[in-house]
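Data block below; observations after.
Start at 1 and go down the list; that is how both ligands and their atoms are numbered. What you see is a predicted model, and the numbers here were worked out from it, not measured in a lab. In this chain, numbering begins with 1 at the start of the sequence shown.
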Amino acid sequence: MAIKIYNTLKRTKEVFTPLEEGKVKMYVCGPTVYNYIHIGNARPAIVFDTVRRYFEYKGYNVDYVLNFTDVDDKLIKAANEMGEEVPTIADRFIGAYKEDVKALGVKEAAHHPRVTENMPEIIEFIKGLIEKGHAYESDGDVYFKTRSFDEYGKLSHQSIDELRTGARIQVGEKKEDPLDFTLWKQAKPGEISWESPWGKGRPGWHIECSTMAKKYLGETIDIHAGGQDLTFPHHENEIAQSEAHNCQTFANYWMHNGYINVENEKMSKSLGNFVLAHDLIQKHDPNIIRFFMLSVHYRHPINFSDALLEGAKNSFDRIRNAYENLQHRKQASMDQDGQKEWLEKVAQHKQQFEEEMDDDFNTANAISVLFDLTKDANLYLQSPQTSTKVIEAFEEALVSLTGILGVELKQEELIDEEIEALIQKRIEARKNRNFELADQIRDDLKARDIILEDTPQGTRWKRG
Ligand SMILES: [Zn+2]
């Protein structure tokens with residue numbers, strides 16, 4: 001079965017045909033590294049890592065590039081506010097980003113290019129655009145001449161005249177047409193800057209992605225991806241720059257993930273409802289956060305709340321418990337014949353899972369298939385006699401399919417101190433008559449083979 005992708009450029013699902021047999025060249029727009037990422041930034045990291053994992057499961061070699069914007073206005077502002085240098089802040093938050101997404105099961109990209117490490121290439125790219133008549137210098141700034149690119153607006157499906165209405169030249173901008181956008185920005189005195197043919201300055205945001213995609217993946221790539229909010233103007237401008245410069249199609253498939261709301265509200269500074277991935281990971285098993293993110297189709301908006309996360313935890317525990325029960329049962333099983341129908345059932349579920357993923361990476365439906373598989377595993381475990389082969393088939397299916405989603409069924413063993421701390425938390429909960437939490441802690445420990453025993457002398461525990 002072929003993989004179908006919803007292509008924003010065509011506004012329809014298309015069969016994926018790679019440029020090169022067995023390979024996927026994929027570029028994902030990464031973060032501007034001036035603070036910790038919130039869950040809205042974590043979503044594309046998780047979603048497109050899952051896309052990558054599925055391609056790899058299907059035998060593709062994925063060349064995955066995710067850039068870091070390590071110099072721009074926000075970074076300069078943050079550096080001024082914190083009294084630090086821009087590179088210091090960038091290094092710190094690149095480190096934090098990598099740590100957070102790693103915890104969320106995101107595989108390391110093949111390349112993590114940074115703007116500041118690609119300055120000669122960016123300057124070359126801008127020079128090329130000027131030579132071809134698509135850009136012009138204006139008093140130390142360089143702008144892209146938007147009207148020189150006939151197909152401008154094709155990604156966001158807007159006509160250039162529609163865009164013209166409402167566009168204004170801001171104070172301090174030195175452009176000829178309100179639609180033109182910055183390629184190179186002149187540095188203010190004291191600002192971090194690089195030498196260029198147009199004087200000291202730094203690149204605009206859009207040009208970095210055009211340059212780095214070309215450098216690491218070539219003039220035409222298979223998939224370009226990012227959050228829905230990047231469609232316009234960022235990705236539209238990337239297309240204009242790349243196609244005007246290279247005279248080639250920039251990307252064959254454009255993928256965009258939907259927004260994330262918190263308690264049904266948009267995340268915003270004024271509401272103060274930003275949820276940082278960093279904080280969330282401290283409080284919850286990152287596997288659950290990832291599982292929650294994938295429980296909704298990547299193009300749809302997703303609503304985040306503690307209750308919904310709790311629901312995801314319960315769902316994921318059902319799969320985990322089935323997996324653990326299969327493992328327990330394996331020792332008591334023997335090789336038996338006549339269980340072909342069960343093996344076929346497992347194979348059918350796997351095939352169904354793949355069909356859902358083939359259909360524009362529909363993880364929401366794929367997760368439903370995982371539940372069907374889990375239900376059958378539980379049903380099978382009720383048989384008086386179980387076969388090692390069938391048990392292993394169920395196990396293998398659960399591990400490989402959850403592996404595509406990037407979630408880990410095996411739980412790390414708790415160390416004694418962690419168990420003691422949870423027992424203390426349970427005692428506190430009972431004191432506060434929060435029996436629900438107390439029972440939850442006991443059940444969670446039981447699921448991890450830690451048995452509690454309440455005695456008049458206090459709570460004892462043992463490994464099951
Ligand atoms: Zn980009």
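The side-chain contact (heavy atoms from CB on, under 4.5 Å) check on R53 picks up D49, K107, R290, with sequence neighbours excluded. With sequence neighbours excluded, the residues forming a side-chain contact (heavy atoms from CB on, under 4.5 Å) with P203 are V115, M119, I122, W184, I207, listed by chain and number. Not a single side-chain hydrogen bond (donor to acceptor under 3.5 Å, both in side chains) links T402 to another residue, sequence neighbours left out.
With F125 as the fixed residue, the side chain to side chain contact (heavy atoms under 4.5 Å, CB included) test singles out one of K214, E208, M212: K214.
Here the protein contributes C29 SG, C209 SG, H234 NE2, E238 OE2 as N, O or S atoms under 2.8 Å from the Zn ion (ligand 1).
Using cut-offs of 30° and 60° on the angle between ring planes, the pair F181 and F144 is parallel.
For the pair R299 and Y6, the distance from NZ or CZ to the six-membered ring centre is under 6.0 Å and the angle to the ring normal is within 45 degrees.
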